[in-house]
Amino acid sequence: MPGSVVFSDPATGGYHTEGHPEAPFRVLKTAERLRAAGLAPRLPPPAREEDALRVHSGEHLRRLAEGDYHDPDTPHYPWIAKLARVSLAGALAAADNALDGTPAFSLMRPPGHHAGRERIAGFCYLNNLAAACARALDLRELKRIAILDVDVHHGDGTESIVLGDERYRFCSLHESPQYPGTGLVSRDNCRNVPLPAGTGEDEYLRRLEPALQDLLDFKPDLLAVSAGFDTFERCPIAGLRLKRGSYRKIGALLAGTKLKRFAVLEGGYAAEVPELVEEFLSGFFS
């Protein structure tokens, strides 16, 4: 996949709770597969505290570091603040490379799209994609960014951060009813496309195409993608029915926009995640 780059760091495999679906293999096994395919991941430059503070408060960072929060799905580990910063670094580097003309993917964990300004939830500690977009707006003098969330769960944290900010157009396609129970209606600059359990490839793509056109009509300078792979038919915690080849088609649709673009790993918990990511990138980097 020439003219493309993946950022990853094996350090982000360094936490896990037995039985928790958000497991190290998602990054480690996927990195192995991409390396074998000739797409060796790179280490990103470190993220700084100020990068996280673009979308989170200092109090949020303190609570993350000290474990002063409670979410049963999002355990505290003594080193999680450091690893969350590593995951953030991947998103920042991916955005920078996209703006320099190279499509990029951040293969990191923990994911981020459920994290709000003051909220740690849903396996997410920092909102990596939102922070990368905020820095791009601040430092690269962009006017508009389109955000597409194709995780099976509504990107509630991202929506809460960008809602009402005219520099963003946000769209989330997600299963409903499903965690976190939001994303039932569209409002202001945020479009939501709830899908019933059992939705397969044909209907998913039929709903994705107009959603993507709405983002294109916004005339963005950058397309940022929360790439979830928990829409797969064998995902253990969700009910959509996409096939392995569906992800190549989704990636190709995004590449067909010809926009500067980057994506970050969100969900995806089936054993086939490494294959699904490779399929997506085959289209996204085309």
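The analysis underlying the following values was restricted to heavy atoms, covering all of them including side chains, and did not include hydrogens, waters or symmetry mates.
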Any sub-3.5 Å donor-acceptor pair from Arg167's side-chain atoms to Asp165's backbone N or O? no
Could you list the cluster mates of Tyr15? Members are the ILVMFWY residues connected by side-chain heavy atoms closer than 4.5 Å, either directly or through other members. Leu53, Leu61, Leu64, Tyr69, Tyr77, Trp79, Ile80, Leu83, Leu88, Leu92, Ile120, Tyr125, Leu126
What pair of heavy atoms forms the shortest contact from Ala263 to Ala227, and how long is it? CB-CB, 4.3 Å
May I ask you to decide if Arg48's main-chain N or O and Asp51's side chain share a donor-acceptor pair within less than 3.5 Å? yes
Under 3.5 Å donor-acceptor, Asp230 side chain and His153 backbone: no
Indicate yes or no for a side-chain donor-acceptor contact from Asn192 to the backbone of Val185 under 3.5 Å, with no hydrogens or angles considered. yes
With a 4.0 Å cut-off on N to O distance, would you call Asp100 and Arg140 a salt bridge? yes
Checking His154 against Asp156: is there a side-chain donor and acceptor pair closer than 3.5 Å? no
Would you say Arg42 has more than 12 foreign heavy atoms packed within less than 6.0 Å of its CZ? no
Tell me whether the centres of the aromatic rings in Phe105 and Phe284 are closer together than 6.0 Å. no
Short question: side chain of Arg244, backbone of Glu279 - any donor-acceptor pair under 3.5 Å? no
Please test Arg135 against Asp96 for salt bridge (Lys or Arg N to Asp or Glu O under 4.0 Å), starting from the C-alpha separation and ending with a verdict. CA-CA 9 Å; Arg135 191 179 74 158; Asp96 284 343; 2.5 Å; yes
Over 12 non-hydrogen atoms of neighbours within 6.0 angstrom of CD in Glu141: no
Tell me which one of Arg62, Arg117, Glu118 satisfies side chain to side chain donor-acceptor pair (under 3.5 Å) with Ser57. Glu118
Would you tell me whether His174 and Asp149 have side-chain atoms, one donor and one acceptor, within less than 3.5 Å of each other? no
Does Arg109 use its side chain to pair, donor to acceptor, with the backbone of Phe123 at less than 3.5 Å? no
Quiz question: by atom type and distance under 3.5 Å, do the side chains of Asn128 and Ser87 form a donor-acceptor pair? yes
Say whether Tyr247 and Thr231, considering side chains only, have a donor N or O and an acceptor N or O under 3.5 Å apart. yes
Between Glu266 (side chain) and His113 (backbone), is there a donor-acceptor pair under 3.5 Å? yes
Is the backbone of Asp188 close enough, under 3.5 Å, to the side chain of Arg191 for a donor and an acceptor to pair up by distance? yes
Do the rings of His16 and His20 sit parallel, tilted or perpendicular, given the 30° and 60° boundaries? perpendicular
Looking only at atom types and distance, does a side-chain atom of Asp221 sit under 3.5 Å from a main-chain N or O of Lys143, one as donor and one as acceptor? yes
Counting N and O atoms only, with roles assigned by atom type, does the side chain of Arg187 sit under 3.5 Å from a partner on the main chain of Leu163, one being a donor and the other an acceptor? no
